[in-house]
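Structure first, commentary second.
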Amino acid sequence: MTVRNDEVATLLEEFADLLEAKDVEYKPRAYRLAAENVRDYPESVADLAREEGESGVSEINRVGDAIAAKIVEYVESGEIAELEELREELPVEMGALTGIEGVGPKTVGRLYEALGVRTLEDIESAARAGEIQAVKGFGPKTEQNILEGVAFARQSTRRQLLSDAYPLSRSLLEYFEGVEAVERCETAGSLRRWKPTIGDVDVLAASDDGEAVVDAFREWEETDELIEAGTSKASVRAKGVRVDLRVVVPEEFGAALQYFTGSKDHNIALRNYAIERDMKINEYGVFDVSAIEDADAGQRVGELVASESEAAMYGALDLPWIPPEIRENRGEIAAAADGDLPDLVAEADVRGDLHTHTDASDGRETIEGMAAAAAERGYDYLAVTDHATGPGVVGGVGLDDEELLTHAERVREAAADADVALFSGVEANITADGELSVSDDVLAELDCVVASPHAALDGDGTDRLVRAVEHPAVDVLGHPTGRQLNRRAGLDVDFERLATAAADAGTALEVNANPNRLDLRGGAVGIVVEHGATVAVNTDAHAPTSLDYVTYGVHTARRGWAESADVLNARDADGVRAFLE
DNA sequence: GCCGTTTTCGGCCCGACTGTTTTCAGTCG
């Protein structure tokens, strides 16, 4: 059994919550920090535990001897004795209960002590019975808020996909354009960094009249429910997504935008970079504190150097502006200081799509319709890669060998009248052993062969995927891990090995831009690019509108530091033809 | 429980908001 990093991290977070509920000091924070670093650790922590034991695991940042021992214990035995004891002492469904807005570990602990509340059902019936407001420290408002929060917590434990959060943020920004009190506004937070899933939407507005902006926010047509509102910040629920607004004065907009975009790790590293240069950076600006004795004496201590724009904020530290997608403290500050920031691929660089479907398999549009949609986007070419039959794709959806050849002929006929170059192709299935579901002589007849895993999507997939990229007919490895956000984790993959094999074989690795997939993810793109392999940003579109997903794919590739030269479909048609041959 | 050009013990980010509290605790980002 493989133990995933996020599984270990979740256990450590439960540890933290249980300790916090018991009013233990400082340890909860230690467990949470360790959990974050375990979750972000680039390799399998379980493998590390098995191969190098406690000393290896304690090499992870913020993981010391005690937590390392617990991780090893979990990997070896499947449980942690001390966590089991804590669970017995406080037998509550911690994750579910803290999912209620406004309910944290301490509240859970107190309600368990006072009322024996263990589950969402318990807390709901206690609230209905009026028992909660009778507990010291709780009142009718809190009880009512819990009651309202329970219903939402039941259905919404998931993180939002970009395809939910991004359009919502655009809608709010457009609305604010018409609000007089708003001078400027911008998305911040993980959405601006284009993380594949979003906890909530953060929007920042510049105004000298915070109350007017908050009032307008409350009247936004998408607002379903007000969560809280003050004079400088407010939160609402809109289409099931939490939207947080902050209002700052225009002079400090850049500082606030930088601060609230994060990531937290990037900001900590940047703060330290500033301190080393006798500067101080926070959400109000960059300050020169070289002449100040106590730089911690206040929020705006020292001589203000920059605050109005983000570029000026970085410029005050002698750094070029760093694109939000790479603000993850993965070396971007050093690269910026050295003048080595990548020239990231842009959406306008994309010249075509190499993984699309038509009504010949499970798409909803004809070859001609998809070609017209590609032309309308200004593309130079489109590959028609309908499903082949095979593991994970049933006959009736996928095409067999004979149907593939007929379909390729129809693509060639359509190409004569199309305003873009058309490549005939297929999305073949990769079997559990790494073989393809289409015969070699059929593959040889097609311009563009995408090979993707559609079945047996768990366990280590490296051997199988390496075999597929080394197949001479394969041009693109489609959605390599097969993950689906909020649904399944997909294959475990040694991306270094896969990237090396792909670079040697001249096969591109896909960033599938479908917002349910985003596979490869940004971190994997970084490894792929570093090892010299080529990336293809494809939408896997099953209808013309899905070609728009390219936005999500490009920003995911940018999270992996991909430049235009790394991206196959940023080349012109001849360049792509040369690669496919 | 973790960590150290504040280094082996003594600290651990912090401000806004809400609700309950008569001066503050819990949650959230």
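Every chain is numbered from 1 and lettered A, B, ... according to where its sequence line falls, protein lines coming before strand lines.
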Item to complete: Starting from the 5' end of DNA chain B, give me the residue, K106(A) or P140(A), whose nearest nucleotide shows up first.
Response: P140(A)
Discussion item. Between P on dG1(B) and OH on Y31(A), what's the gap in Å once rounded to a whole number?
Written reply: 5 Å
Discussion item. What's the closest nucleotide to the side chain of K233(A) if the choices are dT20(B), dC3(B), dC17(B)?
Written reply: dC17(B)
Worksheet entry | Salt bridge present between E20(A) and K27(A) (N-O < 4.0 angstrom) | no
Discussion item. Test: side-chain hydrogen bond (donor to acceptor under 3.5 Å, both in side chains). Region: residues 250-265 of chain A. Which pairs qualify, not counting sequence neighbours?
Written reply: E36(A)-K264(A), R192(A)-T261(A), E252(A)-R300(A), Q258(A)-N267(A), Q258(A)-Y314(A)
Worksheet item: Does the side-chain ring of Y26(A) lie flat on the base of dC12(B), meaning centres under 5.5 Å and planes less than 30 degrees apart?
Response: yes
Worksheet item: dG26(B) P sits how many Å from D23(A) CG, rounded?
Response: 7 Å
Worksheet item: With sugar-phosphate meaning primed atoms plus P, OP1 and OP2, does K136(A) contact a base, only sugar-phosphate, or nothing at under 4.0 Å between heavy atoms?
Response: nothing
Worksheet item: What's the closest nucleotide to the E228(A) side chain, out of dG29(B), dG26(B), dT18(B)?
Response: dT18(B)
Fill in: Whole-Å P distance, dG1(B) and dT6(B)
26 Å
Discussion item. Rounded to whole Å, please give me the gap between CD in E20(A) and C1' in dC12(B).
Written reply: 14 Å
Worksheet item: Hey, does the Lys NZ or Arg CZ of R277(A) hover above the aromatic six-ring of Y273(A), less than 6.0 Å from the centre and inside 45° of the axis?
Response: yes
Discussion item. Under 4.0 Å, heavy atoms only, any strand: does R242(A) hit a base, just the sugar-phosphate, or nothing?
Written reply: sugar-phosphate
Practice prompt. Give one of base, sugar-phosphate or nothing for F260(A), where a contact means two heavy atoms less than 4.0 Å apart.
Written response: nothing
Discussion item. Distance check, C1' atoms only: dT20(B) and dT27(B), in whole angstrom units.
Written reply: 14 Å
Item to complete: Would you mind reading off the distance between M94(A) atom CE and dT27(B) atom C1', rounded to a whole angstrom?
Response: 14 Å
Worksheet item: Going by the side-chain hydrogen bond (donor to acceptor under 3.5 Å, both in side chains) test, which pairs reach into residues 105-114 of chain A, not counting sequence neighbours?
Response: D23(A)-K106(A)
Worksheet item: With respect to the side chain of S232(A), which nucleotide from dA16(B), dG1(B), dT27(B) is positioned closest?
Response: dA16(B)
Worksheet item: Nearest of dT27(B), dG1(B), dC28(B) to any side-chain atom of T107(A)?
Response: dT27(B)
Worksheet item: Taking atom P in both dC13(B) and dC17(B), what distance in whole Å separates the two?
Response: 22 Å
Worksheet item: Rounded to the Å, how far apart are D200(A) CG and dG29(B) C1'?
Response: 8 Å
Worksheet item: Is there a side-chain polar atom (N or O) of S235(A) under 4.0 Å from OP1 or OP2 of dC28(B)?
Response: no
Worksheet item: At under 4.0 Å between heavy atoms, what does I268(A) touch on the DNA or RNA strands: base, sugar-phosphate, or nothing?
Response: nothing
Discussion item. Does either side chain, that of E332(A) or that of H266(A), offer a donor lying less than 3.5 Å from an acceptor on the other one?
Written reply: yes
Fill in: Rounded P spacing from dT21(B) to dG26(B) in Å
13 Å
Worksheet entry | Interatomic distance, I227(A) CD1 vs dG19(B) P [rounded to whole Å] | 12 Å
Discussion item. Measure CZ/R246(A) against P/dG29(B) and give the value in whole Å, please.
Written reply: 10 Å
Worksheet item: Which nucleotide, in any strand shown, forms a Watson-Crick or G-U wobble pair with dT8(B), with both distances under 3.5 Å?
Response: none
Worksheet item: Do R246(A) and D244(A) meet the salt-bridge criterion of a basic N to acidic O distance under 4.0 Å?
Response: no
Discussion item. Base, sugar-phosphate or nothing for T231(A)? Non-hydrogen atoms, less than 4.0 Å.
Written reply: sugar-phosphate
Item to complete: Quick one: label A229(A) by what it contacts on the DNA or RNA (base, sugar-phosphate, nothing), any heavy atom closer than 4.0 Å.
Response: sugar-phosphate
Worksheet, complete the sentence: By nearest-nucleotide position on DNA chain B, the 5'-leaning member of N145(A) and A68(A) is A68(A)
Worksheet entry | Check: W220(A) ring centre within less than 6.0 Å of F176(A) ring centre | no
Item to complete: For DNA chain B, find the residues of residues 108-133 of chain A with a heavy-atom distance under 4.0 Å and give them by number; none if there aren't any.
Response: R110(A)
Response to the item:
Out of dA16(B), dC12(B), dG1(B), minimum distance to the side chain of R29(A) belongs to dC12(B)
Practice prompt. State whether E76(A) and K70(A) are salt-bridged, where the test is any N-O pair (Lys NZ or Arg NE/NH1/NH2 against Asp/Glu carboxylate O) under 4.0 Å.
Written response: no
Practice prompt. Write down the distance between CD1 (I71(A)) and C1' (dG1(B)), rounded to a whole number of angstrom.
Written response: 12 Å
Worksheet item: Can you say whether the rings of H555(A) and W194(A) are parallel (under 30°), tilted (30 to 60°) or perpendicular (over 60°)?
Response: parallel
Item to complete: Looking at every strand, decide which applies to P28(A) at a 4.0 Å heavy-atom threshold: base, sugar-phosphate, or nothing.
Response: nothing
